[in-house]
Amino acid sequence: MNKPKPRVYFLHGDDEFAMAEFIKDLRLKVGDDSTADMNIVTFNTSDLDWADLEAAANSTPFLSDRRLLILYEVEKIKNAPARSDRLIALCEHIPESTALLLVERNPKTSSKMSPIHKWAKNNPEISFIRTCTTPQGARFRSWLEEQAAAHGGSFEQDAAELLAEWTQEDPRLASQELRKLLDYVDLQRAIRVEDIEQCTPYRGQTTIFALVDALGQRRGEEAQKILHQVLQDADVRSVFGMIIRQFRLILLARDLMDSGKVPGNTIHKSDFVVKKVSTQARNFTLADLERIYHELLAIDLRSKNGEMDLEIALDSLVSVITS
């Protein structure tokens with residue numbers, strides 16, 4: 001005997017991208033375009049008319065097996081007992097011809113179950129629960145690899161980590177960039193680090209790596225050339241921000257290395273970035289890095305106060321470091 005379909009779907013978590021993908025898939029199951037719009041109704045708890053929701057729940061589907069009701073912002077009623085009780089009562093009497101999807105957004109730090117969540121957990125025979133938590137660190141890299149595999153693609157070593165780093169572990173943004181990369185390689189080979197450097201809008205970061213390499217090895221002429229190249233393609237304030245970020249990570253790595261600690265255990269970035277900053281840290285002493293970092297902060301303050309031109313200040317800084 002086939003198991004009955006859930007009548008109540010409960011989504012909760014902080015990953016809005018995963019929620020949107022789940023909702024999209026559920027909408028597709030309602031029917032084709034000609035009937036779906038007549039059988040899908042959305043509501044928000046912030047302006048909810050309970051009579052409309054209850055009437056929609058008990059309406060007969062139009063040329064389809066089921067209707068889909070989506071109720072957003074369920075988190076807004078978790079501290080309102082009367083409203084939570086009314087929603088639970090609706091869930092308990094929802095007809096089999098209706099699928100009620102409840103969307104409750106929770107911050108990562110939230111661990112307390114809402115009344116609706118508890119009800120769904122205690123009624124598995126008619127409810128389905130999906131937890132949507134944004135993956136981080138190694139989990140995000142694995143998620144990217146799974147997404148690539150689902151579309152028939154794959155990553156070479158370090159490539160998934162680099163994409164995770166450059167998209168700041170944002171699932172929606174990473175998914176967009178992944179699709180572009182899969183089109184770029186045409187599913188004929190694995191995505192490589194150089195593909196990401198070439199095709200994503202975050203490729204300026206690899207130039208910053210090259211700039212810091214040249215600075216650390218005291219190659220002044222090359223460092224000036226790289227700086228001017230990156231400034232042709234990006235706003236000087238954005239470039240300056242990447243330089244500050246890079247030296248902050250290198251300073252942290254150098255401090256950890258001098259203390260006999262492993263940077264990867266403390267620097268919460270991808271393995272690709274940890275390896276890179278650890279290598280670069282070996283080109284500087286801790287005193288050098290502290291001096292450079294304090295100078296960067298001073299430049300930031302003076303440029304924001306209008307006391308100096310930021311591009312000229314960066315040129316000067318490169319000369320001082322590599323002299």
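For the numbers below, each heavy atom of this structure counts, side chains included, while hydrogens, waters and symmetry mates do not.
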- Message: Among residues at least two apart in sequence or on other chains, which ones pass salt bridge (charged side-chain N to carboxylate O under 4.0 Å, His left out) with Glu295?
- Response: Arg302
- Query: Are Leu251 and Met257 grouped together when hydrophobic residues (ILVMFWY) are joined by side-chain heavy atoms under 4.5 angstrom apart?
  - Reply: no
- Carefully, step by step, assess Leu163 and Ile191 under the rule side-chain contact (heavy atoms from CB on, under 4.5 Å). CA-CA 10 Å; Leu163 184 59; Ile191 297 169; over 6 Å; no
- Within the distance-only criterion (no hydrogens, no angle test), does the side chain of Glu104 pair as donor or acceptor with the backbone N or O of Phe10 below 3.5 angstrom? no
- Message: Does anything in residues 248-259 form a side chain to side chain donor-acceptor pair (under 3.5 Å)? List the pairs, not counting sequence neighbours.
- Response: Arg254-Asp258
- Message: Test of understanding: with salt bridge (charged side-chain N to carboxylate O under 4.0 Å, His left out), list the residues that count as partners of Glu73, not counting sequence neighbours.
- Response: Lys76
- Item | Crowding at CZ, Arg179 (>12 non-hydrogen neighbours, <6.0 Å) | no
- Flag the pair Asp288 and Arg218 as a salt bridge only when some basic side-chain nitrogen lies within less than 4.0 angstrom of an acidic carboxylate oxygen. yes
- Just wondering, more than 12 heavy atoms not from His93 lying within 6.0 Å of its NE2? no
- Query: Does atom CD of Glu125 have more than 12 heavy-atom neighbours from other groups under 6.0 Å away?
  - Reply: yes
- Measure the spacing between CG of Leu100 and CZ of Arg7 and express it to the nearest 0.5 Å. 11.5 Å
- Task: Given side-chain contact (heavy atoms from CB on, under 4.5 Å), test Leu11 with Leu102 step by step and report yes or no.
- Result: CA-CA 6 Å; Leu11 296 187; Leu102 308 175; over 6 Å; no
- Query: What distance do Leu53 atom CG and Thr42 atom OG1 have between them, rounded to the nearest 0.5 Å?
  - Reply: 11.0 Å
- From Leu182 atom CG to Glu177 atom CD, the distance as rounded to the nearest 0.5 Å: 11.5 Å
- Is any side-chain heavy atom of Asn123 less than 4.5 Å from a side-chain heavy atom of Val8? no
- Query: Does the side chain of Asn39 come within less than 4.5 Å of Leu68's, by heavy atoms?
  - Reply: no
- Closest heavy-atom contact between Ala174 and Leu144? CB-CD2, 3.9 Å
- Any link between Leu187 and Phe155 through a network of hydrophobic side chains (Ile, Leu, Val, Met, Phe, Trp, Tyr) touching at under 4.5 Å? yes
- Is a side-chain donor or acceptor of Arg83 paired with a backbone partner of Thr45 at a separation under 3.5 angstrom? yes
- Task: Give a yes or no on whether Ile88 and Leu69 share a hydrophobic cluster (residues Ile, Leu, Val, Met, Phe, Trp, Tyr; joining criterion: side-chain heavy atoms under 4.5 Å apart).
- Result: yes
- Could you tell me whether Glu16 and Arg105 have a side-chain N and a carboxylate O separated by less than 4.0 Å? yes
- Note on the structure: Quick note, salt bridge (Lys or Arg N to Asp or Glu O under 4.0 Å) partners involving residues 40-68, not counting sequence neighbours, are Glu54-Arg86
- Message: I'd like to know if Lys78 and Glu75 make a salt bridge, using a cut-off of under 4.0 Å between side-chain N and carboxylate O.
- Response: no
- Message: For the CG atom of Leu286 and the CG atom of Leu256, what is their distance to the nearest 0.5 Å?
- Response: 10.0 Å
- Consider only side-chain heavy atoms of I, L, V, M, F, W and Y, link residues closer than 4.5 Å, and tell whether Phe43 and Ile23 are in one cluster. no
- Message: Give me the atom names and distance for the closest heavy-atom approach of Pro135 to Asp15.
- Response: CD-OD2, 3.9 Å
- Task: Measure the spacing between CG of Leu178 and CG of Leu173 and express it to the nearest 0.5 Å.
- Result: 11.0 Å
- Item | ring-ring contact (aromatic ring centres under 6.0 Å, His included) pairs, two or more places apart, involving residues 239-262 | Phe247-Phe284
- Under the side-chain contact (heavy atoms from CB on, under 4.5 Å) criterion, do Ser127 and Trp119 qualify, and how do the steps go? CA-CA 9 Å; Ser127 65; Trp119 176 88; 4.2 Å; yes
- If we only count heavy atoms from C-beta on, is the Ser97 to Thr60 side-chain gap below 4.5 Å? no
- Task: Determine, stepwise, if the pair Val103 / Val74 fulfils side-chain contact (heavy atoms from CB on, under 4.5 Å).
- Result: CA-CA 6 Å; Val103 183; Val74 173; 5.5 Å; no
- Query: Hey, what do you get for OG (Ser84) to CG (Asn79), rounding to the nearest 0.5 Å?
  - Reply: 8.0 Å
- Task: Please report the closest heavy-atom contact between Ile226 and Ala214, naming both atoms and the distance.
- Result: CD1-CB, 4.4 Å
- Item | Nearest atoms (heavy-atom pairs only) where His151 meets Gln147 | ND1-O, 2.9 Å
- Between His12 and His117, what is the ring plane arrangement, given parallel below 30°, perpendicular above 60°, and tilted in between? tilted
- Should the pair Glu222-Lys225 be classified as a salt bridge under the 4.0 Å nitrogen-to-oxygen rule? no
- Check ion pair Lys304-Asp300 (N to O, under 4.0 angstrom): yes
- Can you pull the salt bridge (Lys or Arg N to Asp or Glu O under 4.0 Å) pairs that have at least one residue in residues 186-196, sequence neighbours excluded? Glu156-Arg192, Arg189-Asp195
- For the residue pair Ala57 and Leu90, what are the closest heavy atoms and their distance? CB-CD1, 3.9 Å
- Query: Which pair of non-hydrogen atoms, one from Leu211 and one from Ala223, has the smallest distance, and what is that distance?
  - Reply: CD1-O, 3.3 Å
- Please answer: with hydrophobic residues joined when any side-chain heavy atoms are less than 4.5 Å apart, are Leu48 and Ile94 in the same cluster? yes
- Query: Counting only N and O atoms by type, is there a donor-acceptor contact under 3.5 Å from the side chain of Ser175 to the main-chain atoms of Pro171?
  - Reply: no
- Side chains of Glu92 and Ile126: closer than 4.5 Å at any heavy-atom pair? no
